[in-house]
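Whatever order the structure lists ligands and atoms in, that order sets their numbers, starting from 1.
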Amino acid sequence: MTGDNELELVGLAAEIAREAGELARQRRREGVHLAATKTTLADIVTDADREVEALIRSRLADARPDDGFLGEESDAEVGRSGITWVVDPIDGTVNYAAGIPAYNVSIAAVRGTADPETWDTLAGAVFAPALGELFTAARGHGAWLDETRLQVTTDTPAGALLATGFGYDPSTHDGDIATVRRVMPIARDLRRMGAAALDLAYVAAGRLDGYFERGLKPWDFAAGALLVREAGGAVSRFDTATPRPMIIAGGLSVHARLLEILDTETR
Ligand code: LIP
């Protein structure tokens with residue numbers, strides 16, 4: 001398969017995400033083995049993370065050998081086709097290791113290199129195997145949960161149901177808690193699910209009104225951001241020159257409120 005047809009790309013992403021998700025679930029049933037820790041003791045990678053990414057990478061190379069690749073667990077590769085795949089093999093790794101079902105495979109196809117400042121996302125798939133839900137989006141063709149079209153929420157009369165996340169570095173927690181404190185006046189309640197791609201998918205599905213988090217990696221949000229935009233929402237990133245950029249996502253009114261509260265750069 002060649003070219004950058006969004007519908008072909010999302011079909012491939014969905015097919016591979018399903019296969020990879022089933023492998024992750026199988027390995028979870030067999031028992032998860034810690035492979036290593038990364039930035040801190042809390043930042044773990046399992047044997048399954050590595051095995052699932054290897055499967056995804058192999059399937060993509062077979063189908064589209066000229067494409068580039070950026071994954072959480074293996075070396076980046078610049079392609080020749082102008083398309084790059086941005087992959088989180090198991091997003092929600094800590095949940096996965098703990099047996100919490102809120103984990104997913106996130107696969108996105110972007111035009112350009114794996115730089116979120118310049119890429120153009122064409123297709124994305126987020127598959128949560130333990131929950132049996134496949135979220136997909138192709139640019140210009142809407143966002144979907146299986147066969148149901150998704151739409152972000154438009155008003156929050158009881159306050160916004162928001163989600164966020166925290167990094168693995170304890171030294172960042174005070175600042176993140178201070179951010180939560182600034183946001184709570186517009187919130188109905190707050191969720192911390194531990195899987196960014198699911199947070200974004202749930203914003204697209206209208207299950208959450210908005211989401212914000214500092215420090216995500218490109219593979220955490222590449223597919224989920226397209227889901228939100230294709231479901232009629234907005235996604236912004238700022239502080240992108242810092243080690244911990246902020247991402248915010250939501251329906252247009254909640255996105256605007258979060259931007260007003262959090263984007264001190266524009267004040
Ligand atoms: C995780 C994100 C989550 C964030 C965690 C971690 P991982 O990704 O999905 O939102 O709060 O710190 O980055 O490491 O499970 O792929």
Charged N to carboxylate O below 4.0 Å: is that the case for Glu73 and Arg50? no

Short N or O distance, Leu216 and ligand 1, threshold 3.5 Å exclusive: no

Check each atom of ligand 1 against the heavy atoms of Gly92 and keep those under 4.0 Å away; list them by number with element. 7 (P), 15 (O), 16 (O)

Could you identify the single nearest non-hydrogen protein atom to atom 5 (C) of ligand 1 and state the distance to 0.1 Å? Tyr168 OH, 3.8 Å

Nitrogen or oxygen of Gly165 less than 3.5 angstrom from that of ligand 1: no

Enumerate the atoms of ligand 1 whose separation from the nearest heavy atom of Asp91 is less than 4.0 angstrom. 1 (C), 2 (C), 7 (P), 8 (O), 9 (O), 15 (O), 16 (O)

Between Arg27 and Glu51, does at least one N-O distance fall below 4.0 Å, as a salt bridge requires? yes

Test Glu30 against Gln26 for side chain to side chain donor-acceptor pair (under 3.5 Å), laying out the working first. CA-CA 6 Å; Glu30 295 165 354; Gln26 177 61 33; 2.8 Å; yes

Decide whether the shortest distance between a heavy atom of Thr164 and an atom of ligand 1 is less than 4.0 Å. no

Charged N to carboxylate O under 4.0 angstrom, Asp88 versus Lys217? no

For ligand 1, the portion of Asp88 having any non-hydrogen atom under 4.0 Å away: side chain

Could you establish whether Arg192 and ligand 1 come within less than 4.0 Å of each other, counting only heavy atoms on the residue side? yes

Quick check on contacts: which atoms of ligand 1 are under 4.0 angstrom from a heavy atom of Thr93? 15 (O)

Basic-acidic side-chain contact under 4.0 Å: Asp189, Arg191: yes

Residues Arg80 and Asp67 bridged, charged N to O under 4.0 Å: no

Atoms in ligand 1 with a heavy atom of Ile90 nearer than 4.0 Å: 16 (O)

Does the pair Arg59/Glu15 count as a salt bridge with the N-to-O cut at 4.0 Å? no

Below 4.0 angstrom from a heavy atom of Glu72, which ligand 1 atoms are there? Numbered from 1 as shown, please. 14 (O), 16 (O)

Donor-acceptor pair, Asp91 side chain versus Ala197 backbone, under 3.5 Å? yes

Record the part of Phe166 in heavy-atom contact with ligand 1 below 4.0 Å; permitted values are side chain, backbone, both and neither. backbone

Do the side chains of Arg192 and Asp199 get close enough for a salt bridge, i.e. N-O under 4.0 angstrom? no

Decide whether an N or O pair under 3.5 Å exists between Asp220 and ligand 1. yes

Can you tell me the protein heavy atom closest to atom 10 (O) of ligand 1 and the distance? Glu213 OE1, 3.0 Å

Could you give me the CA-CA distance, side-chain angles and deciding distance for Asp239 and Arg214, then say whether salt bridge (charged side-chain N to carboxylate O under 4.0 Å, His left out) is met? CA-CA 9 Å; Asp239 296 341; Arg214 275 201 184 280; 2.6 Å; yes

Side chain, backbone, both or neither: Lys217 near ligand 1, heavy atoms under 4.0 Å: neither

